[in-house]
A.B. asks: 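First the structure, which I've put down as structure tokens, then a few questions once you've had a look.
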Amino acid sequence: MNRKIVIVGGVAGGATAAARIRRLDEEAEIIVFERSGYVSYANCGLPYYIGDVITDQEELTLATPESFFSRFRIDMKVNHEVTAINTERKTVSVKNLNTGEEFEESYDKLLLSPGAKPTQPKLPGLGIDKLFTLRTVEDTLKIKEYINKHKPKSVVLAGGGFIGLELAENLRDIGMDVTIVQRPKQLMNPFDADMAAIIHSQMRKHGVKLALGYNVEGFEEEEKGVKVLLSGREPLHADMAVLAIGVTPDTVLAKEAGLELGIKGSIVVNQRMETSVADIYAVGDAVQVKNYVTGEDALISLAGPANKQGRIAADNICGGDSRYMGSQGSSVIKVFDMTAAVTGINETHAIKSGLNTDTVILSPMNHAGYYPGGRVMTMKVVFEKDSYRLLGAQIIGFEGVDKRIDVIAAAIHAGMKATELKDLDLAYAPPYSSAKDPVNMVGFMIDNIANGIMKQWHLADMEKLTGNDSVTLLDTRTKKEFDSGHIEGFINIPLDELRERLEEIEKGKPVYVMCQSGLRSYIATRILEGRGYAAYNFSGGYRYYDMVINDRELIEREYACGMDK
């Protein structure tokens, strides 16, 4: 007797599972119920259709019910909503949203892939015509139709995550005035605040206004637009608004069926993607997973993990024994002409998890410096002290960011130590890299720390060191660089003059050294250590310090200005 598999929800997890089941079992009966009109579409491409980067609506659709049936003989029923699960009878209740017809469908195995829905807190004004969310193709077409018809000139985006940033870029590119409101005082929470400063600078450079540190308290429709109500400051006015403050697992079905739930009502599954009820599996944005780095329960809503989970569930439905080992949160985003990428956990998360951590910050070129067109990227790598276990990385720059983050993501998955990055044999040619790739450089730096060759100090140490007479603060940049901007209390001795001017540095005091990027100051610490001084290298350099401090001051100034209005 052939098995009957019912899948609730298409897109990444459900559609992947359906195709994989067919490849493993030619005889199984497979039915997919999808509430929307699209069974497999490119969620991540939706903002780019709004911004006219993708101009053909059909390009958003990865597969149609017809193409799925033609190739896989899978019955894809779009505009069909599963309204209930009867776990005892092993049936699902289904409503045809086009005709209103309701019926029951039996299953031998059931796979839930309901995804997540835009988070909509209980705020006044939800549901007004000029307020949108973006999650489905239908949402995208609704926004695009509104823009084409009404030609709005301004928009407020509530939320500064992936969708908020992608929408901001695309709406700016079609000429709209864009303001992002975000409750934390930074965009993109997967990044630490210091690294987010680079993203903030890029957004401002392209005309995106940032209102960081404000709660959205509601919306009011106006004759010519929408009023966005904020805590502690006057409302913002725009022609339209988009609520993009994150997503919430869409698990009403699972809850009503009595499945065990976890964080934010997500579905609890084991490594085989099995739920607490026999013969029911779940995948995608609706499930609780393990953070691969910390082992903590987590919600990580990304397409890559959803696809892998769909494949794993399919294997197990078909009698295999595949396991999902957890999510690292590896992701990348285009920020106008810049690229920002992250994998593993950031420093903030590591500290909250009770891990004893350290970081290195460096600013290498994306390829050989002598080859034309090289550009600087900023890398921050987080590792565990003593064990030197790799915990995470954040990289922001231009060309070559994505390949470096993928190398580090693979290293984390493989359980490599941070010091072992120095041993990786990575491809080199002048247009693509340097003989010592930026990833190798991370390994060299951390290896120096492990061997006591380099001692660091960080931005968090600055306050207790400035004005402290028991230490010497040394800036080893050129006089021209120093005169163009420096930190009060630092003396300036250019690196190439250091050996001849050592008498200017008091013996017996530890020396805290800085340069533009961290390289010259590291060399200075080696000179000083060799002459009997205790010397510490500033992680990131003055360029990093100036960027972060300027961003903090700008956010506080903008915040204070908004609060005063």
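If you read the sequence from its start, that first residue is 1, and numbering goes on from there. What's counted below: heavy atoms across the whole structure, side chains too, no hydrogens, waters or symmetry copies.
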A.B. asks: With rounding to the nearest 0.5 angstrom, report the OG to CG distance, S327 to N291.
C.D. replies: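 Here the rounded value is 8.0 Å.
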A.B. asks: Is a side-chain donor-acceptor pair under 3.5 Å present for Q186 with D192?
C.D. replies: no
A.B. asks: Between atom OG of S484 and atom CG of D546, what is the distance when rounded to the nearest 0.5 Å?
C.D. replies: 9.0 Å
A.B. asks: Using every non-hydrogen atom in the two residues, find where L131 and G125 come nearest and quote the distance to one decimal.
C.D. replies: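 For L131 versus G125, the nearest heavy atoms are CD2-O, 4.0 Å.
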A.B. asks: Taking D250 first and then R35, would you say they form a salt bridge - that is, a charged N and a carboxylate O separated by under 4.0 Å?
C.D. replies: yes
A.B. asks: A side-chain contact here means heavy atoms from C-beta on lying under 4.5 Å apart; do D52 and D173 qualify?
C.D. replies: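 Side-chain contact under 4.5 Å: no.
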A.B. asks: Work out which heavy atom in A158 is nearest to a heavy atom in I245; give both atom names and the distance.
C.D. replies: O-CG2, 3.1 Å
A.B. asks: Does Y292 use its side chain to pair, donor to acceptor, with the backbone of H413 at less than 3.5 Å?
C.D. replies: yes
A.B. asks: Could you tell me whether the side chain of K144 and the main chain of D139 form a donor-acceptor pair under 3.5 Å?
C.D. replies: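 Judged by distance alone, no pair lies under 3.5 Å.
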A.B. asks: Is the backbone of Y432 close enough, under 3.5 Å, to the side chain of K403 for a donor and an acceptor to pair up by distance?
C.D. replies: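 Checking the backbone N and O of Y432 against the side chain of K403, a donor-acceptor pair under 3.5 Å is found.
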A.B. asks: May I ask you to decide if G344's main-chain N or O and Q328's side chain share a donor-acceptor pair within less than 3.5 Å?
C.D. replies: no
A.B. asks: Would you say the side-chain atoms of D194 and Y544 include a donor-acceptor pair closer than 3.5 Å?
C.D. replies: yes
A.B. asks: Indicate yes or no for a side-chain donor-acceptor contact from T343 to the backbone of A393 under 3.5 Å, with no hydrogens or angles considered.
C.D. replies: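 No, because the side chain of T343 does not come within donor-acceptor range (under 3.5 Å) of the backbone of A393.
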A.B. asks: So L134 and P47, do their side chains get closer than 4.5 Å, heavy atoms only?
C.D. replies: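 P47 reaches L134 side chain to side chain.
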A.B. asks: Should D177 and K153 count as an ion pair when the cut-off is N to O under 4.0 Å?
C.D. replies: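 No, no charged N to carboxylate O under 4.0 Å.
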A.B. asks: Looking at R543 and E481, is there a salt bridge between them, counting it only when a charged N and a carboxylate O are closer than 4.0 Å?
C.D. replies: no
A.B. asks: Does the N215 side chain pair with the main chain of E217, one donor and one acceptor, at a distance under 3.5 Å?
C.D. replies: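 Answer holds: no.
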A.B. asks: Under 3.5 Å, is there a donor on one side chain and an acceptor on the other for T248 and T119?
C.D. replies: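 Result is yes, a qualifying pair exists.
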A.B. asks: Will you find, in the side chains of H458 and D358, an N or O donor that is under 3.5 Å from an N or O acceptor?
C.D. replies: yes
A.B. asks: When you look at CZ of F336, are more than 12 heavy atoms from neighbouring residues, nucleotides or ligands closer to it than 6.0 Å?
C.D. replies: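 More than 12 within 6.0 Å, yes.
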A.B. asks: What's the separation between atom CD in E234 and atom CG in L229, rounded to the nearest 0.5 Å?
C.D. replies: 12.0 Å
A.B. asks: Quick one about H206 and E169 (side-chain donor to acceptor, distance below 3.5 Å, no hydrogens or angles considered), yes or no?
C.D. replies: no
A.B. asks: What heavy-atom pair brings H367 and P431 nearest, and what distance separates the two atoms?
C.D. replies: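 Looking at all heavy atoms of both residues, the shortest contact is CD2-O, 3.3 Å.
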A.B. asks: Assess whether a salt bridge exists between D551 and K185, defined as any Lys/Arg side-chain N lying under 4.0 Å from an Asp/Glu carboxylate O.
C.D. replies: no
A.B. asks: Examine the side chains of E488 and T466 and answer whether a donor and an acceptor come within less than 3.5 Å of each other.
C.D. replies: no
A.B. asks: Can you tell me how far CG of L126 sits from NZ of K122, rounded to the nearest 0.5 angstrom?
C.D. replies: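 Between atom NZ of K122 and atom CG of L126 there are 11.0 Å.
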A.B. asks: On the 0 to 90° scale, with breaks at 30° and 60°, tag the Y388-F383 ring pair as parallel, tilted or perpendicular.
C.D. replies: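 Rings of Y388 and F383: parallel, as their planes differ by under 30°.
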A.B. asks: Please confirm whether the backbone N or O of S36 pairs with a side-chain atom of E138, one donor and one acceptor, at under 3.5 Å?
C.D. replies: no
A.B. asks: Using only atom types and a distance under 3.5 Å, with no angle test, would you say the side chain of N492 pairs donor to acceptor with the backbone of F482?
C.D. replies: no
A.B. asks: Taking A197's backbone N and O only, do any of them form a donor-acceptor pair with S201's side chain (distance below 3.5 Å, no angle check)?
C.D. replies: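 No: the side chain of S201 does not pair with the backbone of A197.
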A.B. asks: Should the pair Y545 and F538 be assigned to parallel (<30°), tilted (30 to 60°) or perpendicular (>60°) ring geometry?
C.D. replies: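 Answer is perpendicular, since the angle exceeds 60°.
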A.B. asks: In the structure I gave you, are the side-chain heavy atoms of P364 and M441 within less than 4.5 Å of one another anywhere?
C.D. replies: no
A.B. asks: Cut-off 3.5 Å, side chains only: do T357 and E384 have a donor facing an acceptor?
C.D. replies: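 Absent: no donor and acceptor within the cut-off.
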A.B. asks: Take R404 and S433 through the test side chain to side chain donor-acceptor pair (under 3.5 Å) and record every step on the way to the result.
C.D. replies: CA-CA 10 Å; R404 271 70 186 216; S433 184; 3.2 Å; yes
A.B. asks: Surrounding CZ of R183 (heavy atoms of other residues, nucleotides or ligands, distance under 6.0 Å), is the total greater than 12?
C.D. replies: no
A.B. asks: Nearest 0.5 Å, what's the CD1-CD1 distance between I174 and I147?
C.D. replies: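 Going from the CD1 atom of I174 to the CD1 atom of I147 covers 4.5 Å.
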A.B. asks: Set out, in order, the CA-CA distance, both residues' side-chain angles and the distance that settles salt bridge (charged side-chain N to carboxylate O under 4.0 Å, His left out) for K380 and E347, then state yes or no.
C.D. replies: CA-CA 9 Å; K380 181 175 183 178; E347 183 182 16; 2.8 Å; yes
A.B. asks: Can you see which heavy atom on I446 is nearest to which on A418, and at what distance?
C.D. replies: CD1-CB, 3.5 Å
A.B. asks: Side chains of S266 and V287: does their closest heavy-atom pair fall under 4.5 Å?
C.D. replies: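 No, their side chains stay 4.5 Å or more apart.
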A.B. asks: Would you check if there is a donor-acceptor pair between the side chains of E220 and H237 at a distance under 3.5 Å?
C.D. replies: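 Not at all, the side chains of H237 and E220 share no donor-acceptor pair under 3.5 Å.
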A.B. asks: Answer yes or no: is there an ion pair linking E166 with K334, defined by an N-O contact shorter than 4.0 Å?
C.D. replies: no
A.B. asks: Using a 3.5 Å distance criterion without hydrogens, assess whether the side chain of Q456 forms a donor-acceptor pair with backbone atoms of T359.
C.D. replies: yes
A.B. asks: One thing to verify: whether D239 and K151 come together as a salt bridge, which I'm taking to mean a side-chain N less than 4.0 angstrom from a carboxylate O.
C.D. replies: no
A.B. asks: Side chains of H486 and D475: do they bring a donor and an acceptor to under 3.5 Å?
C.D. replies: no
A.B. asks: Which pair of non-hydrogen atoms, one from L473 and one from L465, has the smallest distance, and what is that distance?
C.D. replies: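 Scanning both residues, the minimum pair turns out to be CD1-O, 4.0 Å.
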A.B. asks: Does K142 pair with D129 as a salt bridge, N-O distance under 4.0 Å?
C.D. replies: no
A.B. asks: Roughly how far apart are I412 CD1 and L391 CG, rounded to 0.5 Å?
C.D. replies: 7.5 Å
A.B. asks: Mind checking whether V247 and K117 have side chains closer than 4.5 Å, heavy atoms only?
C.D. replies: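 SC-SC contact between V247 and K117 ruled out.
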A.B. asks: State whether a side-chain donor-acceptor pair under 3.5 Å links T525 with N537.
C.D. replies: no
A.B. asks: Could you report the tightest heavy-atom contact between M365 and P438, atom names first, then the distance?
C.D. replies: O-CG, 3.7 Å
